[in-house]
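These notes concern the structure reproduced below.
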Number of protein chains: 4
Amino acid sequence: MTTRRQSTPNSSRRSDASRRAILTAAFDLVGEVGYAKLSIEGIAARAGVGKQTIYRWWPSKGAVLFDAFLALSEGEEGEAALPDTGDLEADLKTVMRATVVELSDPRYDEPMRALTTEIAHDPGLAAVYRERLDEPMREIKKRRLAIAQRAGQLAGDLDLDLAVDVLWGPLLNRWLQRTGPLTPEYADNLVKTALNGLRPRG
Amino acid sequence: MTTRRQSTPNSSRRSDASRRAILTAAFDLVGEVGYAKLSIEGIAARAGVGKQTIYRWWPSKGAVLFDAFLALSEGEEGEAALPDTGDLEADLKTVMRATVVELSDPRYDEPMRALTTEIAHDPGLAAVYRERLDEPMREIKKRRLAIAQRAGQLAGDLDLDLAVDVLWGPLLNRWLQRTGPLTPEYADNLVKTALNGLRPRG
Amino acid sequence: MTTRRQSTPNSSRRSDASRRAILTAAFDLVGEVGYAKLSIEGIAARAGVGKQTIYRWWPSKGAVLFDAFLALSEGEEGEAALPDTGDLEADLKTVMRATVVELSDPRYDEPMRALTTEIAHDPGLAAVYRERLDEPMREIKKRRLAIAQRAGQLAGDLDLDLAVDVLWGPLLNRWLQRTGPLTPEYADNLVKTALNGLRPRG
Amino acid sequence: MTTRRQSTPNSSRRSDASRRAILTAAFDLVGEVGYAKLSIEGIAARAGVGKQTIYRWWPSKGAVLFDAFLALSEGEEGEAALPDTGDLEADLKTVMRATVVELSDPRYDEPMRALTTEIAHDPGLAAVYRERLDEPMREIKKRRLAIAQRAGQLAGDLDLDLAVDVLWGPLLNRWLQRTGPLTPEYADNLVKTALNGLRPRG
DNA sequence: GTATAATCGAGACGGTACGTCGGGTCTTGAA
DNA sequence: TTCAAGACCCGACGTACCGTCTCGATTATAC
């Protein structure tokens, strides 16, 4: 039997109850009052914790929030995979529609914006984000695309990282900047257009 | 046709010197200290202006910053157009490379991140942004794409708004989240891939 | 027929309506919100007058308030005299009781405290106060005392200025510092004690 | 009998260094710039203390100043007594002349005016003032008068509180309102007149 | 009987201070 | 040693007024 995997290196003295209370409080609060009004004091008060306990273990407000997200996605990792029915376009549409639903859920919208913009301003956080969240997710996506590529459904010389960008980038950008509404139809059109390209086909 | 005098409708009593000083100070400061450390107090001090003069005319820090951007892009509007050599792919690569250069310029990087994330958190600001900056720019892009479409270089049923998303979304997303480096090569590959699609061609 | 006596030297152009509105507003406001919260802006707003109109004619908040008091006591001056029934002690008690009543009237209490403390901090104002309000009142009091002195009811070598101090000083001090309640009995005892002295008689 | 350690009941966590620095700064500043220009911000800066530390422990600017006075008079209390040579008039003149000197000292004049006028406007402060400063001082004075009264030097039915008023009220009033100069002669005359009364003596 | 110049209401302006919030550090006493 | 609690110094918030400064729009003489 292996020891419990630990996402944050802990001193043996560290109170796990406090840690959990802080992450929960942070996630809840950012959804309630928004990122701008989120404060360490507020998190500490809500979590029933001294401010020092937060400062002792996290370097910044963004780091707490980030850990709160990590805690959420913990356990999903490793096993997750994109659906594979053999029909790439259909599978991607399914996934993209699910992403649309998730981004539209007010319960996740605010916290996710908070995390995203925090990352945009903090290169250090961005690096951790890439390593701990973005890369694993990207790997999952690339896995499905690689299967399709091997089956000749994607261009043989296609850079799969770029492919992920072309598929998800437009959606995330539209979400973040509210350039337009996020609908299942948009998800479908996006997948179709990205796959076929803007040029006319034969 | 009469010339436009005033880009922002002003009370007749408003001091234009103060307005300009504030916008300049805001833009400069956000580049120097970053958005997180940008303060109304700092802007006022740098601009040699009372705080009240800022609060009198702008509802928020983000709104000041936004106006600073507007002031920058003023005058360019209306005449601007994407290059048109007849070769769509080459033209788009030229534009996309220019965008890469601009986004890499530290003089614009911080302020643009600040504006972008501010918009992400403030729907009101987002609406103004769409109307005053995003839509005009998007129109310019769509104009070039429409020409190509009429020339049969783009799919006849292509939604040009979506096309703009597919072309620029990936780049902006990579920039904001620092998912990877912004290089001219990336710009080229992006354009090529978006035009041809992920699927194999002929 | 003589021309109207003018308490403040006026330019012929000065608007008397504004002047009156300002003094009224100042007096009313100091009674409503207290001296600490009395502001030039408030007075101007209440009087329906531009701030500059106040600054043009008065050097300070205290000066406005002072003029408001002058305006009140205008017209009384000159004719007023202390009662003279022949019985000095009775007459002084009457006057002192009236003073007690006036000082207890909430309509005058706050403004009078304001004026008094303003004078305490502003020697310039104090000088004007002495000349325009204190001296005239003191003269009236001394007139009555002089009559009594000539009638042998007061010590022949008595300094009447000091006598006024001894009679009214204790009352004003008790009022201002709230050292004790202001009652008619206190007024009576004060008069009696001041007249007879602290030493035993006879 | 145990020694008293703490004059003001303190939370156990309160920093006594800060408390003292604040009181000293307040007293010094009021003497330097006057009460009108005394600001919490200024006190905090001078004391090297955060503003919040002042707001945490005092409700108002006046309360700080008041405590500064209390701190000054601490330690003197209890032992102090008026001189008693057997000659009441001489003793009172001595005391009254000392008061004149103190009130004329510019080092005490401004702060004392500030305190007095603050008390005049704040009944709450006035109550504390009576209890902590006025009553103890008054008691000391009455003690001396009581001795004289028992010796037959003062009227048997004399109200000693009123006697204190009659002796000190005129002086304080003249000082505060600057009705006239404060001289040793005035002190002497005041004592003599108050003792003998305004009426002629046998 | 009109010019014309001082005065008016209004309110923007550069400032100072307000009283509050939260940042991040430090200390205390209990577990 | 860590924890909850919270005082501390500090910086910024957004507001209230300060006293100065334009702005037209009245007025009420002096032309």
Side-chain angles (χ1 to χ4, degrees), chain A residues 10-19 21 37-45 47-61, chain B residues 10-19 21 36-45 47-57 59-61, chain C residues 10-19 21 37-45 47-61, chain D residues 10-19 21 36-45 47-57 59-61:
Chain A
N10 277 356
S11 150
S12 53
R13 302 283 220 135
R14 181 167 186 183
S15 156
D16 203 59
S18 291
R19 186 181 141 272
K37 299 205 152 182
L38 181 67
S39 68
I40 299 276
E41 294 225 342
I43 297 173
V49 138
K51 281 204 287 177
Q52 196 56 255
T53 303
I54 299 183
Y55 284 110
R56 187 153 30 228
W57 302 109
W58 288 274
S60 72
K61 190 169 71 168
Chain B
N10 280 355
S11 154
S12 55
R13 314 284 238 118
R14 182 169 185 180
S15 157
D16 204 58
S18 292
R19 189 183 135 269
K37 299 204 155 184
L38 180 67
S39 67
I40 297 275
E41 207 139 291
I43 297 172
V49 137
K51 281 201 286 178
Q52 200 57 47
T53 302
I54 300 183
Y55 285 111
R56 186 154 31 229
W57 302 109
S60 71
K61 193 169 67 168
Chain C
N10 278 355
S11 151
S12 51
R13 303 284 216 135
R14 181 169 187 182
S15 156
D16 204 58
S18 291
R19 185 182 141 272
K37 300 205 152 185
L38 182 66
S39 68
I40 299 276
E41 294 226 342
I43 297 172
V49 137
K51 281 203 288 177
Q52 196 58 254
T53 303
I54 299 182
Y55 284 110
R56 187 157 25 231
W57 302 109
W58 288 275
S60 71
K61 190 169 71 169
Chain D
N10 279 355
S11 154
S12 55
R13 316 282 240 115
R14 182 168 187 180
S15 156
D16 204 57
S18 292
R19 188 182 137 270
K37 299 204 156 185
L38 181 67
S39 66
I40 299 275
E41 209 139 290
I43 297 171
V49 137
K51 280 200 286 177
Q52 201 59 51
T53 302
I54 300 184
Y55 286 111
R56 185 155 31 232
W57 301 109
S60 71
K61 192 169 70 169

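Only a predicted model underlies this, so the values are computations on that prediction, with no experimental measurement involved. A note on names: the letters A, B, ... follow the listed sequences, proteins ahead of strands, and every chain is numbered from 1.
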Distance check needed: E:dC13 C1' versus B:R19 CZ, whole Å only. 16 Å
Looking only at side-chain N and O atoms, does D:S15 come under 4.0 Å of OP1 or OP2 in F:dA7? no
Considering just the side-chain nitrogens and oxygens of A:R56, establish if one lies under 4.0 Å of OP1 or OP2 belonging to F:dT2. no
What pairs of nitrogen or oxygen atoms, one from the protein and one from nucleotides 28-31 of chain E, lie under 3.5 Å apart?
none

How long is the line joining CD1 of B:I43 and C1' of F:dA12, in whole Å? 12 Å
Distance-minimising heavy-atom pair for A:K61 and A:L38: NZ-O, 3.1 Å
Phosphate contact (E:dG9 OP1 or OP2) by C:T53 side-chain N/O below 4.0 Å: yes
Heavy atoms from C-beta onward define the side chain here; which of E:dC13, F:dA4, E:dC8 lies closest to that of B:S18? E:dC13
Reading nucleotides 18-23 of chain E 5' to 3', which nucleotides get B (base under 4.0 Å from a protein heavy atom), which S (sugar-phosphate only), which -? BBBBSB
To the nearest Å, how far apart are D:I54 CD1 and F:dC10 P? 12 Å
Cation-pi between C:R14 and C:W57: NZ/CZ under 6.0 Å from ring centre and within 45° of the ring axis? yes
Can you check whether B:W57 has a side-chain N or O nearer than 4.0 Å to OP1 or OP2 of E:dC13? yes
Should B:I54 and B:K51 count as side-chain neighbours, where that means a heavy-atom distance under 4.5 Å? no
